[in-house]
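These notes concern the structure reproduced below.
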Amino acid sequence: MVAAMVTVACDTASASSRKAPSGGTLTYGFETLPDSLDPASAVQSTSEEVIKAIYNTLVYLDPTNRKFVPGLATSWSINKSGTVYTFHLRRGVRFQDGSPFNAAAVKYSFDRLSNPALKSTSALTSLGPYKGSQAVNATTVKVSFTQSYPGFLTAASQTPLSIVSPTAAKKWGSAFGQHPVGTGPFTFVSWTPGGAVTVQRNAAYHWGPKITSKSNVGPAHLNEIVFDPITDPNAAVAALQSGTIDVLERVPASNFGQLRSQFGAYSMIPSGAPYLLFVNTEKAPTDDLKVRQALAMGLDPVQATNIAWFGQNKAAAGILSPATIGYDPSTAKIYKYNLQQAEQVLTSDGWTVGSGGIRQKNGQKLVLTFETNSTFEAMATAVQGLLKPLGVQVDVRVAAAADAATFASNGNNNLSLTGYLSSDPVGTLSFFFSSKNYGGYDWSRIKDPMIDSLLADAASNPSPAKRIKDLDSIQQRIVTQVYAIGLSQVIRLFAYAKSVGGFHTDTVSYPYWEDLYLKK
Amino acid sequence: MWYVARRGALLVPILLIVSFLVFASVHLEPGSPVEALVGDQPLSVATIHRLNAEYGFDQPLWTQYWRFLDRALHGDFGYSYRYNLPIWNLVVHNLRPTGELLGTSLLFGIVLGSVLGIIAALRAGSFVDTGVTFLATVGLSLPGFWFGLLLLYWFSVDLHLFPTIGADGLKSLVLPSITLGVILAASIARFMRSSLIEVMQQDYITTARSKGVPEHVVVLRHALRNASAPLLSIIGLQAGVLFAGAVIVEHIFTRPGIGSLLVNGIENRDFPVIQGTILLVAAWYVLLNLFIDVAYALADPRIRHSARPW
């Protein structure tokens with residue numbers, strides 16, 4: 001049984017969401033400008049949050065038990081080989097432009113993803129080995145794949161595979177991203193370029209997913225939501241304190257402790273990969289397994305996390321976040337923090353402590369290159385400081401996010417750092433550890449046939465038990481070979497005004513907009 | 001006006017050179033914009049290759065530049081890679097808030113700086129003079145980022161006098177204009193002070209006084225007009241600093257504008273946006289300096305009547 005590490009410090013004692021007061025405008029502050037409100041094209045997580053308000057998906061994931069809950073599909077079945085999914089669709093659903101929701105709309109939403117004009121990234125990838133869809137009748141659709149795709153329901157529960165209005169998409173073409181139309185609890189109103197997005201309650205909405213017993217399945221409580229991008233974190237905190245915004249996501253850890261006293265506070269650890277230290281297996285000195293093992297034993301993620309996160313976060317415990325399906329908690333026990341043991345490993349490998357306290361071997365100093373972006377600078381500096389007593393010198397360099405990512409993808413770092421939000425464990429592990437992504441996000445620079453074959457099996461084996469076993473083996477292999485070291489959880493910190501009620505989020509940290517209300 | 005036409009014609013070659021330099025420099029960076037377009041989520045190598053082909057990033061540099069130039073000459077400055085909106089619309093839409101900010105900051109800076117400079121000059125050597133000079137030095141050394149945040153916290157969060165974010169209405173212009181205008185005010189104050197002191201020592205001032213002209217007319221009509229002419233050059237020079245400051249101020253006060261557009265474009269490697277904004281800024285710079293040269297010529301008859309000022 002995997003313990004659900006979702007820490008909720010919100011107002012759970014509030015009245016059932018259904019009886020909540022109606023009305024009001026809520027202003028939600030986030031950090032990055034959305035790029036597009038077309039689920040096919042969007043890449044920013046902030047775009048996905050707004051998409052979640054405007055659209056629905058076929059199914060939803062219950063975060064407490066990892067089971068799928070009916071969304072636009074009321075029931076579904078999968079054929080024996082896992083290549084055909086049959087969905088029975090809800091009746092009486094309409095898009096916000098009045099056009100009917102039916103099997104043809106589902107087919108259209110999936111077929112359009114391969115159109116190059118949409119430049120689809122995560123949506124097209126999550127469609128996997130898609131062959132096509134067939135609208136059997138108005139309320140039944142068969143989705144087919146060229147090979148077994150057990151991860152499809154997870155993919156279908158995420159925002160990139162939201163169902164769009166074919167009428168609107170055809171009408172707007174590539175401008176659909178600025179004029180989105182879905183079936184969701186909120187209708188798009190306006191979007192100031194480079195500025196706020198406004199959505200309004202969809203009065204006709206009564207088909208919301210019953211994810212928890214308190215889920216609001218009818219029309220949203222709020223009249224309106226204004227999504228306000230505020231790029232400077234200090235300005236964002238100021239906006240919350242002055243009452244200009246009602247909710248702030250990504251509260252800086254340094255402010256979170258202080259804000260808790262005046263505001264509602266909510267923290268959660270989404271599913272996916274925590275902040276991982278990828279160790280380059282091709283570049284000296286980290287190409288040496290002994291050096292990597294010493295790093296795993298000599299770096300205490302608990303200390304690093306406390307330093308970098310002002311005590312507001314938990315250390316990572318393995319390669320996946322504990323909220324992810326298939327997370328293997330045993331991986332956290334493989335290399336326990338033990339500085340003496342780490343020192344012994346290095347010394348016996350020929351790395352003796354030289355001048356300035358830095359170890360060297362055959363005239364080469366034990367220096368690690370660590371280029372990253374400014375968001376991760378605190379964690380990088382913590383790692384740098386904590387590895388010094390071990391005699392390891394870490395050269396931290398800060399660059400623009402895209403440049404740091406390219407630097408890592410080209411194999412120039414010894415250490416690289418990032419996290420990843422996703423409900424799909426196979427997708428998450430493939431991005432970072434499949435040899436197909438060598439030159440891309442395979443920052444450990446591995447081409448490990450064992451991991452590749454395990455990933456292929458986990459992606460297609462019809463037996464869930466076997467797939468879980470594959471995932472366990474992959475995680476254990478990554479940890480024992482020290483391809484990556486778990487550093488800190490990806491924690492999402494939210495703060496909201498006391499007048500806000502019903503605040504909670506899904507597994508990838510997007511709020512349930514339909515449950516939010518403003519207290520009278 | 002031959003002079004104006006000649007200077008105006010310079011705009012074309014300058015813009016061509018700038019456009020090529022910008023185009024070349026953004027492509028010198030490692031990686032293609034696809035890797036930056038990725039946003040929060042990593043992409044597989046296969047997807048990156050597919051997108052490179054779809055956007056045409058795998059074409060040689062010259063081909064890409066030529067396509068851009070060809071379309072630009074037809075008024076099409078392309079589409080933002082990230083937002084899929086026409087560049088022209090994005091730039092024009094963002095002109096207004098930045099224009100308002102620069103306008104009010106200029107006004108604030110010129111008025112405050114001139115007043116302080118005049119007071120200091122008229123009371124040269126006194127305690128007031130020392131005070132103003134000290135303030136000007138402080139103003140020049142203030143980090144805009146820090147000062148802006150300070151104003152934000154005091155007057156917006158604590159006193160609720162001004163909005164924290166956004167660009168609606170005059171109230172939202174107050175704190176950003178003060179932040180941006182302070183540096184301009186400081187340099188104008190210092191310059192006005194020394195310029196006026198020098199002018200007040202000229203013979204024609206003594207002549208005017210001996211003719212019995214009242215002192216305030218001496219200062220306002222005779223002295224000030226001569227002291228302010230060089231001020232125009234200062235403003236022209238400071239225009240660049242002001243724009244750089246606008247980028248920071250727009251970020252702190254969460255105002256939309258050319259500054260935010262450019263910063264976002266650079267972070268996202270959104271080449272069309274970067275090109276569009278820099279071309280616009282280059283054009284603005286050239287036109288502004290042209291305007292200042294003309295104003296200078298109008299203000300100072302000696303310049304107007306002298307030989308070719310290339």
Residue part contacting chain A, namely of Asp158(B), when any heavy atom lies under 4.5 Å |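 Neither part; nothing is under 4.5 Å.
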
Please flag which part of Phe162(B) lies under 4.5 Å from any non-hydrogen atom of chain A: side chain, backbone, both or neither.
-> neither

Under 4.5 Å from a heavy atom of chain B, the part of [X] involved:
{"X": "Ala400(A)", "answer": "neither"}
{"X": "Ser120(A)", "answer": "backbone"}
{"X": "Leu240(A)", "answer": "neither"}
{"X": "Asp228(A)", "answer": "side chain"}
{"X": "Phe407(A)", "answer": "neither"}
{"X": "Ala239(A)", "answer": "both"}

Using a cut-off of under 4.5 Å on heavy-atom pairs, state which of Val237(A), Thr244(A), Ile230(A) scores highest against chain B.
->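 Winner by heavy-atom pair count: Ile230(A).
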
Pick from Ser434(A), Gly272(A), Pro34(A), Gly243(A) with the largest number of heavy-atom pairs that fall under 4.5 Å of chain B = Pro34(A)

Check residues 239-262 of chain B and write down every donor-acceptor pair under 3.5 Å in which the side-chain atom is one partner and the other belongs to a residue at least two apart or another chain.
| from | atom 1 | to | atom 2 | distance (Å) |
| --- | --- | --- | --- | --- |
| Glu250(B) | OE1 | Gly259(B) | N | 2.9 |
| Glu250(B) | OE1 | Ser260(B) | N | 2.9 |
| Glu250(B) | OE1 | Ser260(B) | OG | 3.4 |
| Glu250(B) | OE2 | Thr98(B) | OG1 | 2.8 |
| His251(B) | ND1 | Thr231(A) | OG1 | 3.4 |
| His251(B) | NE2 | Asp232(A) | OD1 | 3.1 |
| Arg255(B) | NH2 | Pro97(B) | O | 3.1 |
| Ser260(B) | OG | Arg255(B) | O | 3.0 |

Report yes or no: do [X] and [Y] form a side-chain donor-acceptor pair below 3.5 Å?
{"X": "Tyr510(A)", "Y": "Glu48(A)", "result": "no"}
{"X": "Ser242(A)", "Y": "Thr164(B)", "result": "yes"}
{"X": "Thr198(A)", "Y": "Trp191(A)", "result": "no"}

Taking only residues at least two apart or on different chains, which pairs with a member in residues 416-441 of chain A satisfy salt bridge (charged side-chain N to carboxylate O under 4.0 Å, His left out)?
-> none

ring-ring contact (aromatic ring centres under 6.0 Å, His included), paired with Phe431(A), selected from Tyr420(A), Phe278(A), Tyr441(A) = Tyr420(A)

Residue pair Gln178(A) / Trp172(A), side-chain heavy-atom distance below 4.5 Å = no

